[in-house]
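These figures come from a predicted structure and were not determined experimentally. Index from 1, following the sequence.
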Amino acid sequence: MASYNSLNAPQHQGTPYGSGDPYYNESSGFITPHPAPKRRTSNWIKFGIPVLLIVIIGAVVGGVVGSRKSKDNTSSAGSNKANSGDPAAAASSAVSAKLAIGRFATATNSEFMVPVYPATTNTAAFTTPTFIPSSNAKIAWPADPFKPTNPNVLSVRPDRPRLIAPQYKWQALPNLIQNDPYLQGWNATIFGNATAYYSLPPVQYFMDNSSGILDNAREVKMRVKAFAYAYRMSNDTKWVDRAWVEIANAAGNGTTVFGPEVDRWNNGHFLDSAEFAAAYAIAYDWLYDMWSDTQKSQMRSTVIKYALQPGAQVFNGGTSFGWWSENTTGNWNCVCNGGLTLAALAILGDDTTGVAQTLLGSTVNNAKQNCAQAVADDGTWAETTNYWYFGTTGHAEMSSALITATGSDYGLLDSNTNFFKTGLFHMYAYGPTSLFNYGDHGPNKYSTTANSMFLYAQHFTQPAFSLFQREQADAAEPWSMFWYDPTVSGAFWDGQPLDHFFDNQLDQWASMRSSWTDQTALFVAIKAGQNSNHQTHNDLDAGDFVLDALGTRWAGELGSADYNAPGYFNSPAQDSDRWKYYRKMTEGQNTILINRANQNVNNAPSIKHDTSGTTQGSSTVFNVPSDSTAFWTSDLTSSYNDATSVKRGIRLLNGRKQVLLQDEVTASQGVQWRMHTNATVVVDGTTATLTIDDKKMVVSILNAPDGAGFSTSDAVRFDTDPTPPIPDQPNPGVTVLIIDLPAGTYSLQVLFNPQWPGMAASEFVTPRSVALDAWSLTSHN
């Protein structure tokens with residue numbers, strides 16, 4: 001293992017792709033050691049520097065060997081066939097190009113765990129995203145023979161498995177693996193992970209206060225999926241035996257105590273119960289023919305007692321732990337309904353208590369009314385970009401299981417006509433280093449991934465979703481093997497706009513970049529939106545932004561505070577204890593602070609924006625046109641109590657090489673501009689030089705108001721702040737870059753100049769001063 005810290009982590013640009021580490025945590029960009037520490041109590045967690053990097057050697061080798069024959073461009077003849085209009089020729093050309101180039105991402109960056117793309121153009125493979133029609137069994141899934149005329153949630157397919165991966169898919173999978181480099185790599189990684197889990201002791205019970213035993217449940221689910229997959233692909237019964245060790249242990253029949261007998265799966269935090277139910281469902285269904293009648297009876301009794309019966313009580317009303325079933329459109333509803341549904345479908349027909357049938361009469365409609373509505377009309381997931389993972393995983397698992405087991409999703413995928421847009425939300429939330437990771441990040445992900453993108457790609461005919469996700473480090477796990485459509489062809493970046501604006505008033509945010517495939521690209525994301533109605537996972541952060549350039553994050557997020565801290569989730573009200581914790585209060589964000597006070601929780605910002613509409617072409621090497629630009633402005637006045645006007649705007653300059661952040665403020669109290677960074681900062685009046693390793697960013701105040709200049713501080717609260725119930729977590733290695741101004745009226749312009757290799761000082765531009773209301777695409781020419 002290699003050790004890293006937040007300021008001097010070595011850059012390993014060539015980590016082989018496909019490691020698929022069991023403790024990879026996509027939301028933080030880290031790999032964490034076993035047992036995975038709680039991200040909610042970690043320090044500066046969102047600048048993507050690993051604490052420990054674990055690489056499973058067998059999985060790495062399996063993920064690379066044989067999956068990339070050559071990185072050379074394919075022949076022009078292949079390109080001509082692909083464009084000939086002949087579906088058979090196109091399919092043949094596509095598979096030839098895929099096998100020739102292998103996986104588009106040649107490695108994963110070990111600092112940020114993002115794909116590394118070759119600097120090349122491949123006219124046969126890097127083309128418009130599409131699904132190539134094909135009847136070739138080597139490159140396409142066969143049709144499902146189970147096609148009920150009138151699907152019924154209580155009428156399941158006659159064969160096993162019935163959940164997510166029916167037998168016909170298992171039969172087709174070996175041929176597909178042989179002919180698809182992505183499936184090859186993922187298959188090897190899953191076996192590598194299963195091997196790693198095999199030698200570990202069974203998951204030990206650990207009650208983490210308000211977060212319960214959720215980590216335990218998700219880790220059991222992750223392991224069981226890998227063991228069950230490994231058995232069905234190898235027929236080696238050692239995987240069945242090892243799965244049983246986890247199953248028996250979680251039932252309280254292992255070598256160590258696993259919770260209280262009366263409530264072993266912690267119904268009070270029902271996410272835990274639901275994730276255990278999903279784990280049992282997978283084990284029961286995928287290994288059905290290998291279990292003895294006694295084992296199946298024990299599994300049914302356990303899942304009924306600790307999950308399904310309590311779940312049925314939720315829908316009968318009166319439980320203290322069923323709040324998630326009523327007007328809750330976030331991840332709780334998706335995960336809880338999903339776990340209950342998978343378990344009920346798995347034991348349906350064997351269950352003599354009737355609870356499975358009863359639950360299926362409730363969970364599907366409840367999820368359709370709540371979980372399916374979690375996506376706003378612009379695709380944004382209201383909780384946060386990280387909670388998107390939990391919610392969409394639960395939603396996709398439930399939808400897929402219903403389809404494979406009964407023949408329909410009963411509107412779970414389509415009742416929200418804007419649900420398909422959430423794939424774009426996820427794509428644009430990702431920069432060259434990591435997510436625009438505002439708000440809470442959630443607990444450790446374990447079996448939670450972004451692989452719902454594969455299911456959504458198929459169902460909504462959005463091939464770019466699949467092409468994007470297949471390059472990611474969390475793609476290698478069992479769901480991918482059945483949700484991925486190998487007929488997908490092209491490159492997700494070909495024709496993909498560099499900018500996207502999300503206008504739903506709840507979130508209101510923008511994503512702007514200079515490339516989809518260059519790790520060193522410029523990336524800016526900024527938000528306004530309401531400070532409430534995010535299921536208490538948000539920060540008081542209107543105006544917050546992140547900035548990537550030169551392969552690192554310069555302005556970043558502090559992430560979750562301690563989920564077990566008193567008052568952390570109690571209330572979103574203005575006087576809530578949540579807003580006394582540094583990482584949640586306005587002071588801990590990259591925005592304007594007025595009178596050292598929190599923003600108004602009942603704000604309602606307005607926004608405007610525009611873009612030159614620049615799209616990337618087929619090449620991974622993209623030269624940005626000199627007139628390419630985008631901007632976003634917001635009136636944030638309603639977010640502040642001691643100001644008559646607060647506006648913030650951000651724009652890309654000079655062919656997307658520079659960034660201008662402008663604030664126009666009229667305030668009756670002191671104004672403070674704040675930005676959190678992992679950089680070493682040297683201040684010289686109105687200029688600050690930021691350094692991370694050998695990279696530099698020069699930040700300048702333009703047309704500086706009298707007395708304006710940069711200063712710095714540690715990321716700690718003011719002595720005058722209200723005292724939180726418990727002390728804040730430390731934020732070591734984090735510096736706050738500050739501009740202090742007294743009450744008054746200001747136009748504060750801050751210019752960010754990444755020091756690009758080979759770019760002379762004379763090539764940087766100094767923009768003229770333009771009022772935010774007058775900004776346009778040409779206002780700064």
Side-chain angles (χ1 to χ4, degrees), residues 17-32 36 39 54 56 59 63 105 108 112-115 163-165 182-183 185-190 192-194 196-197 214-215 217-226 228-229 271 274-275 278-279 282 331 334-335 338-339 342 381 383-401 422-423 425-427 429-430 434-435 437 441-458 465-485 492:
Y17 214 85
S19 60
D21 191 272
Y23 303 111
Y24 171 69
N25 215 322
E26 171 141 355
S27 67
S28 67
F30 294 2
I31 290 181
T32 52
R39 287 206 327 277
I54 301 174
I56 301 174
T108 183
F112 295 112
M113 295 304 294
V114 294
L163 302 180
I164 297 174
Y182 291 90
L183 291 172
W186 300 338
N187 178 71
T189 297
I190 296 168
N193 288 344
Y197 308 151
L214 184 57
D215 279 1
R218 286 183 170 144
E219 187 169 4
V220 169
K221 179 183 172 186
M222 174 185 71
R223 292 186 185 188
V224 165
K225 283 167 62 178
Y229 177 90
L271 282 177
E275 292 282 40
I282 297 159
N331 81 98
C334 298
V335 172
L342 262 65
W381 190 273
E383 287 172 287
T384 64
T385 52
N386 269 290
Y387 272 92
W388 175 94
Y389 284 82
F390 301 114
T392 57
T393 294
H395 175 266
E397 287 174 348
M398 184 175 178
S399 300
S400 178
T422 206
F425 165 70
H426 177 67
M427 289 173 64
Y430 240 102
S434 51
L435 286 170
N437 44 325
H441 300 158
N444 294 296
K445 286 189 167 59
Y446 292 101
S447 63
T448 302
T449 68
N451 290 329
S452 58
M453 293 282 278
F454 292 129
L455 184 71
Y456 299 156
Q458 283 195 64
F465 296 175
S466 182
L467 294 167
F468 177 86
Q469 176 58 18
R470 72 181 187 178
E471 310 298 344
Q472 308 304 319
D474 67 333
E477 57 94 34
W479 290 168
S480 304
M481 305 302 291
F482 304 100
W483 289 346
Y484 176 66
D485 184 346
F492 76 85

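At distances below 3.5 Å, not a single donor-acceptor pair connects side-chain atoms of Ser400 with backbone N or O atoms of Ala396. In this structure a side-chain-to-backbone donor-acceptor pair under 3.5 Å is present from Thr393 to Thr449.
Using a 4.5 Å heavy-atom cutoff, the side chains of Pro443 and Asp215 are in contact. The shortest distance between side-chain heavy atoms of Val114 and Tyr430 falls below 4.5 Å.
Residues Gly391 and Asn331 come closest through the heavy atom pair N-CB, 3.6 Å. The shortest non-hydrogen separation linking Gln472 to Pro115 is OE1-CD, 3.6 Å. Here the closest non-hydrogen pair linking Leu342 and Met398 is CD1-CA, 4.0 Å. Considering every non-hydrogen atom in both Asn193 and Ala476, the closest pair reads ND2-O, 4.4 Å. When all heavy atoms of Ala279 and Val224 are compared, the pair lying nearest together is O-CG1, 3.6 Å.
Side-chain contact, Glu477 with Trp479: no donor N or O sits under 3.5 Å from an acceptor N or O. Side-chain polar atoms of Asp474 and Tyr389 form no donor-acceptor pair below 3.5 angstrom. At a cut-off of 3.5 Å, with distance as the only test, no side-chain donor of Trp381 or Thr392 sits close to an acceptor on the other residue.
Atoms OG and CD, on Ser480 and Gln469 in that order, are 6.5 Å from each other to the nearest 0.5 Å. Separation of atoms OH (Tyr182) and CE (Met481) is listed at 14.0 Å; rounding is to 0.5 Å. One distance of note links CD of Gln458 with CG of Asp485; it measures 4.5 Å at 0.5 Å rounding. Put simply, CZ on Arg470 and CZ on Phe492 are 10.0 Å apart, with the number rounded to the nearest 0.5 Å.
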Could you go step by step and tell me if Trp483 and Ile164 meet the side-chain contact (heavy atoms from CB on, under 4.5 Å) rule?
-> CA-CA 8 Å; Trp483 289 346; Ile164 297 174; 3.7 Å; yes

Using the side-chain contact (heavy atoms from CB on, under 4.5 Å) rule, take Met453 and Met427 through it: C-alpha gap first, then chi angles, then the decisive distance, then the call.
-> CA-CA 10 Å; Met453 293 282 278; Met427 289 173 64; 3.7 Å; yes

Begin from the C-alpha positions of Met222 and Arg218 and carry the test side-chain contact (heavy atoms from CB on, under 4.5 Å) through to its verdict.
-> CA-CA 6 Å; Met222 174 185 71; Arg218 286 183 170 144; over 6 Å; no

Going through the checks in order, is the side-chain contact (heavy atoms from CB on, under 4.5 Å) test met by Thr385 and Phe425?
-> CA-CA 8 Å; Thr385 52; Phe425 165 70; 3.4 Å; yes

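In summary, of the residues considered (His395, His441, His426), a ring pair (Phe, Tyr, Trp, His ring centres under 6.0 Å) with Trp388 occurs for His426 alone.
Checked against the 6.0 Å centroid threshold, Phe454 and Trp186 count as a close aromatic pair. Remark: aromatic rings of Phe465 and Tyr456 are distant, center separation not under 6.0 Å.
Using the six-membered ring where Trp is involved, Phe390 and Tyr387 have ring planes that are tilted, between 30° and 60° apart.
A search for salt bridge (Lys or Arg N to Asp or Glu O under 4.0 Å) contacts involving Glu397 returns Lys221, not counting sequence neighbours. With sequence neighbours excluded, the residues forming a side-chain contact (heavy atoms from CB on, under 4.5 Å) with Ala217 are Glu275, Phe276, listed by chain and number.
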